[in-house]
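Lettering follows sequence order; numbering is per chain, from 1.
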Amino acid sequence: MQQEYSPADIEAKVQQHWQQEKTFRAVEDNEKEKYYCLAMFPYPSGQLHMGHVRNYTIGDVIARYHRMQGKNVLQPMGWDAFGLPAENAAIKNKVAPAAWTYDNIDYMRAQLQRLGLGYDWERELATCSPEYYRWEQWLFIRLFEKGLVYKKTAAVNWDPVDNTVLANEQVIDGRGWRSGALVEKRDIPQWFMKITDYAEQLLNDLDQLDGWPEQVKTMQANWIGRSEGLQIEFDIVDSTEKLAVYTTRPDTLMGVTYLAVAAEHPLALKSAESNAELQAFIDECRRMETSEAALETADKKGVATGLMATHPITGELVPVWAANFVLMGYGTGAVMSVPAHDQRDYEFANQYGLAIKQVIAPAHDETCDLTVAAFTEKGQLVNSGQFDGLSSAASFDAIAQQLEQQNKGERQVNYRLRDWGVSRQRYWGTPIPIINCPDCGAVPVPEADLPVRLPEDVIVDGSGSPIKSMPEFYQCACPRCGSDAERETDTFDTFFESSWYYARFTCPDNSEAMLDERAKHWLPVDQYIGGIEHAVLHLLYARFFHKLMRDEGLVAGDEPFKNLLTQGMVLKDGMKMSKSKGNTVDPQALIDQYGADTARLFMMFAAPPEQSLEWSDKAVEGSNRFLKRLWRFTIEHVEKGACTTLIIDSLSDDLKAVRRQTYQALTKVSDDIGRRHTFNTAIAAVMELMNAVTKLDDNSEQARAVIQEALEMTVLMLSPITPHICHQLWQLLGHEEAVVNADWPQVDDSALVQDKIELMIQVNGKLRAKMKVDADADKATVEALAVADENVQKFIADKEIRKIIVVPGRLINIVVAG
RNA sequence: GCCGGGGUGGCGGAACUGGUAGACGCGCUGGAUUCAAAAUCCAGUUACUUCGGUAGUGUCGGUUCGAUUCCGACCCUCGGUACCA
């Protein structure tokens, strides 16, 4: 028998067994409860990083646990294969993005297999394959026909030196990452999806997601940002133009002292024709970054347009300013400014000497000092003419009613959420299946012509997408009128692919349809696991897609992911691992040195999944040490030969204690893995059990039987986490059937019974003594024993006992005077 | 800026519903074993202490018999911020 723990041999052998037995192949089976466990698929960047190891181990542990619960588990894996890094690698290494991507997939697949993850590889998919992306082209056309997609101009980051569009990530301090040129905003026509049509559903259906973390639901709700307000029209003096603004605070309407429009607003552009200062300001704004973080943290600047607007109620004239913090693509591109009651407006007004007019007075005892800051709370209206004395809430209706009567405003529900711009001016993505005809306009590619294949044999040189200079790709005939036309050369946002892959995994081999009945069998995903960084965008887009597919009759149910687990990052020295910081740890080296089980055990033990995980070489060694200890102890136990049957009534107190600890551990581990997903505490409980068992100094036959039971439980409990070693140990312990097919054990309640329990005794909340009492001792007995305790008496002395608090099974707190 | 997390020994973390702060592991210290080392095993390990205790969970304040846990203010840090995935 093998004395030394040799993970390389064991793991190869066990993985081969799984492969031969097709252990993880998922077949639809209506007899069993289905369980779809999915970890977010990786971008094939080249090699696995620690975050992947963590993510996929968590998923695998959960999947294997549910398998042991008798469920029919589907756990697939695939590749989020389109994206920017492939193009960057192509420029750097002069390889085509496709070839680079496929090589990476092959390498990373092998790495995942080496980790012993229980995937059904027959369902593997890569989003860059035409068999996959044809169906999102197909869906896009269906949505086009439904009117759920449209084209409009929107701003992108333009690098004037490289003549290319940059991602926000590629803009560093306002400059292009490669050229160093100052980035400009450029407006180009792009496709949008009407996610705002689904805003209400996306918000309301969050209530269905009991299995999601509250923080993620809160972030999504805030991102959607539903608000109820008033759209108000201001007339522009000496013009037929009107300026519409949206406000959630109509109660402050009488305090408006100026209006602010985006620099790109038509009114600003028109005024700039005869206003050099304004034109210069608009040009300056054009050089700003497009990201919200950059915009919001930039200095707030503005220039008067020279236009005046008429206040819709008072008729007073207020100036119209152009300001860099007002976004054209957001709402109406204009806001009303109430410096007295909005902090940003307040600072802007002070900076430019604009009037500040208080119209809200505090209703309670809030402080209101307009020489220091704006008063942003709601309150009671003042300086508001006929509305004076109304509360903020009451004035909403009064003001809305008056404006509605005068046709100068209407109630509106608004969302912070903006429609989803899906066009990317990049090569390595799904071609947008639209043909632009000079006569017919945008015409969808006929279904029979799908997929629109992306040419894969190309050279990428950094001067933009190669298909934009490939007539053989873009030249075509209009499907409607037959005249010369051009294909879209833009590709989809890669969030497109990752928004529905979870559904395609149920039927990846279907070449006739996007999805089939199997989608309705397996969905929703029972457990989805991925990085917290996806809390808003990916998860919102996937939820949106699910509703789109539902409305196409492709899936049932409103939501794609029943339960969500968001994992934290893997850090080294408190920092995110990254190539640029040079602090990466290669998982391959970890596996090569210690084996997959040690890697998995460390990842699960070092921190609970939702927290960030601090890398530690030493702690990895500790995990390895534990497995070695378990291995050695089991071998030693097994070598002593077969065990006799347990005779529970005959056990000594020590052996009873070990049995109790065995089942206490099982109770805790079942809860920790099944409900809490705190694998670290589950492992700690198993370690405690092992410590107790190895300390047992008893060579009797009954002791060996107790140890056999404890070891069997240990192997079963650890098998989802370290499946290879457990497979082997399970055999050694005398089992024919593979542990992967074993049932999760049942708790023996009789083993848990305790006749004495330990209680803490506090005096005035401070721990002063401990005592053991009968488990069924009544309150009076417990109080009397506590007060009588020698050490307790020292602290009570001759003081008066005011009261005694007894928390059953836990503690007694004696409250004394003085 | 805004939205959402996090902050506990030398380190990773535990304490699940307001009830023993520091489980489990790492590291360190001492011991056993060894010619010696590695490995392994055993014991100890929050700080201070007059050895009775006292203080202690980012900071300051509050509620409570009792607060890591609840409330208020603040500091630091991480994730997201719509073209990184």
Side-chain N or O of Asn680(A) closer than 4.0 Å to phosphate OP1/OP2 of G12(B): no

Which of the following nucleotides, [options], is nearest to the side chain of [X]?
{"X": "Arg810(A)", "options": "A23(B), U20(B), A82(B)", "result": "U20(B)"}
{"X": "Ala684(A)", "options": "A85(B), A23(B), G19(B)", "result": "A23(B)"}
{"X": "Ala607(A)", "options": "G13(B), A14(B), G79(B)", "result": "G13(B)"}
{"X": "His534(A)", "options": "C26(B), A85(B), G13(B)", "result": "A85(B)"}

Rounded to the nearest angstrom, tell me the gap between atom [atom1] in [X] and atom [atom2] in [N].
{"X": "Arg676(A)", "N": "C16(B)", "atom1": "CZ", "atom2": "P", "value": "8 Å"}
{"X": "Gln661(A)", "N": "C24(B)", "atom1": "CD", "atom2": "P", "value": "10 Å"}
{"X": "Met108(A)", "N": "A85(B)", "atom1": "CE", "atom2": "C1'", "value": "12 Å"}
{"X": "Glu289(A)", "N": "U81(B)", "atom1": "CD", "atom2": "C1'", "value": "13 Å"}
{"X": "Glu614(A)", "N": "G13(B)", "atom1": "CD", "atom2": "P", "value": "7 Å"}
{"X": "Glu688(A)", "N": "G22(B)", "atom1": "CD", "atom2": "P", "value": "13 Å"}
{"X": "Leu540(A)", "N": "G79(B)", "atom1": "CG", "atom2": "P", "value": "21 Å"}
{"X": "Trp615(A)", "N": "C26(B)", "atom1": "CH2", "atom2": "C1'", "value": "13 Å"}

Beyond-backbone contact of [X] with [Y], side-chain heavy atoms, under 4.5 angstrom:
{"X": "Thr290(A)", "Y": "Lys185(A)", "value": "yes"}
{"X": "Glu621(A)", "Y": "Tyr594(A)", "value": "yes"}
{"X": "Thr584(A)", "Y": "His49(A)", "value": "no"}
{"X": "Phe679(A)", "Y": "Pro608(A)", "value": "no"}
{"X": "Lys468(A)", "Y": "Gln425(A)", "value": "yes"}
{"X": "Ile195(A)", "Y": "Tyr541(A)", "value": "yes"}
{"X": "Phe348(A)", "Y": "Phe325(A)", "value": "yes"}

Interatomic distance, [X] atom [atom1] to [Y] atom [atom2] [nearest 0.5 angstrom]:
{"X": "Thr430(A)", "Y": "Asp493(A)", "atom1": "OG1", "atom2": "CG", "result": "10.0 Å"}
{"X": "Glu497(A)", "Y": "Tyr133(A)", "atom1": "CD", "atom2": "OH", "result": "10.0 Å"}
{"X": "Asp671(A)", "Y": "His677(A)", "atom1": "CG", "atom2": "NE2", "result": "10.5 Å"}
{"X": "Asp159(A)", "Y": "Asn157(A)", "atom1": "CG", "atom2": "CG", "result": "9.5 Å"}
{"X": "Met690(A)", "Y": "Leu630(A)", "atom1": "CE", "atom2": "CG", "result": "5.0 Å"}
{"X": "Tyr198(A)", "Y": "Leu203(A)", "atom1": "OH", "atom2": "CG", "result": "16.0 Å"}

Could you write nucleotides 62-72 of chain B as a row of B, S and -, 5' to 3', where a protein heavy atom under 4.0 Å of any base atom gives B, of only sugar-phosphate atoms gives S, and otherwise -? ---B-------

Specify whether Phe496(A) and Phe545(A) have parallel, tilted or perpendicular ring planes, treating 30° as the upper limit for parallel and 60° as the lower limit for perpendicular. perpendicular

Check the orientation of Phe602(A) and Trp615(A). Use parallel for under 30°, tilted for 30 to 60°, and perpendicular for over 60°. perpendicular

Under a 3.5 Å cut-off for both distances, is G1(B) Watson-Crick or wobble paired, and to whom? U81(B)

Tell me which nucleotide, if any, is Watson-Crick or G-U wobble paired with G44(B) when both distances must be under 3.5 Å.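 Pairing partner, where one exists within any strand: C28(B).
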
If you measure from the [atom1] atom in [N] to the same atom in [M], how many Å do you get, rounded?
{"N": "C24(B)", "M": "G56(B)", "atom1": "P", "result": "25 Å"}
{"N": "U69(B)", "M": "G7(B)", "atom1": "P", "result": "11 Å"}
{"N": "G13(B)", "M": "G58(B)", "atom1": "P", "result": "14 Å"}
{"N": "G1(B)", "M": "U46(B)", "atom1": "C1'", "result": "40 Å"}
{"N": "C70(B)", "M": "U57(B)", "atom1": "P", "result": "15 Å"}
{"N": "C65(B)", "M": "C28(B)", "atom1": "P", "result": "47 Å"}

Please classify G9(B) as syn or anti, treating any glycosidic angle within 90° of 0 as syn. syn

Which label fits G6(B), syn or anti, where anti is any glycosidic angle not within 90° of 0?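 Classified anti.
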
Please list each protein N or O that sits under 3.5 Å from an N or O in nucleotides 51-56 of chain B, with the distance.
{"residue": "U54(B)", "atom": "OP1", "partner": "Arg768(A)", "partner atom": "NH2", "Å": "3.3"}
{"residue": "U54(B)", "atom": "OP2", "partner": "Arg768(A)", "partner atom": "NH1", "Å": "3.1"}
{"residue": "A55(B)", "atom": "OP2", "partner": "Lys766(A)", "partner atom": "NZ", "Å": "3.1"}

Atom pairs under 3.5 Å, N or O on each side, protein against nucleotides 1-5 of chain B: can you list them with distances?
{"residue": "G1(B)", "atom": "N2", "partner": "Glu292(A)", "partner atom": "OE1", "Å": "3.2"}
{"residue": "C3(B)", "atom": "O3'", "partner": "Asn222(A)", "partner atom": "ND2", "Å": "2.7"}
{"residue": "C3(B)", "atom": "O2'", "partner": "Asn222(A)", "partner atom": "ND2", "Å": "3.0"}
{"residue": "G4(B)", "atom": "O2'", "partner": "Gln215(A)", "partner atom": "OE1", "Å": "3.2"}

For nucleotides 38-49 of chain B, give me every protein contact, N/O to N/O, under 3.5 Å, one pair per line with atom names.
{"residue": "C41(B)", "atom": "OP1", "partner": "Arg629(A)", "partner atom": "NH1", "Å": "3.3"}

I need the residues from residues 77-90 of chain A with at least one non-hydrogen atom less than 4.0 Å from RNA chain B; give them sorted by number, or say none. Asp80(A), Gly83(A), Leu84(A)

Salt bridge (charged side-chain N to carboxylate O under 4.0 Å, His left out) partners for Asp345(A), two or more places apart: none

One pair to check against salt bridge (Lys or Arg N to Asp or Glu O under 4.0 Å): Glu688(A) and Lys668(A). What are the steps and the verdict? CA-CA 12 Å; Glu688(A) 275 185 277; Lys668(A) 176 151 182 65; over 6 Å; no

Toward the 5' end of RNA chain B, which comes first, Leu613(A) or Lys770(A), by nearest nucleotide? Leu613(A)

Side chains of Ser337(A) and Asp342(A): donor-acceptor distance under 3.5 Å anywhere?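 Side chains of Ser337(A) and Asp342(A): no pair found under 3.5 Å.
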
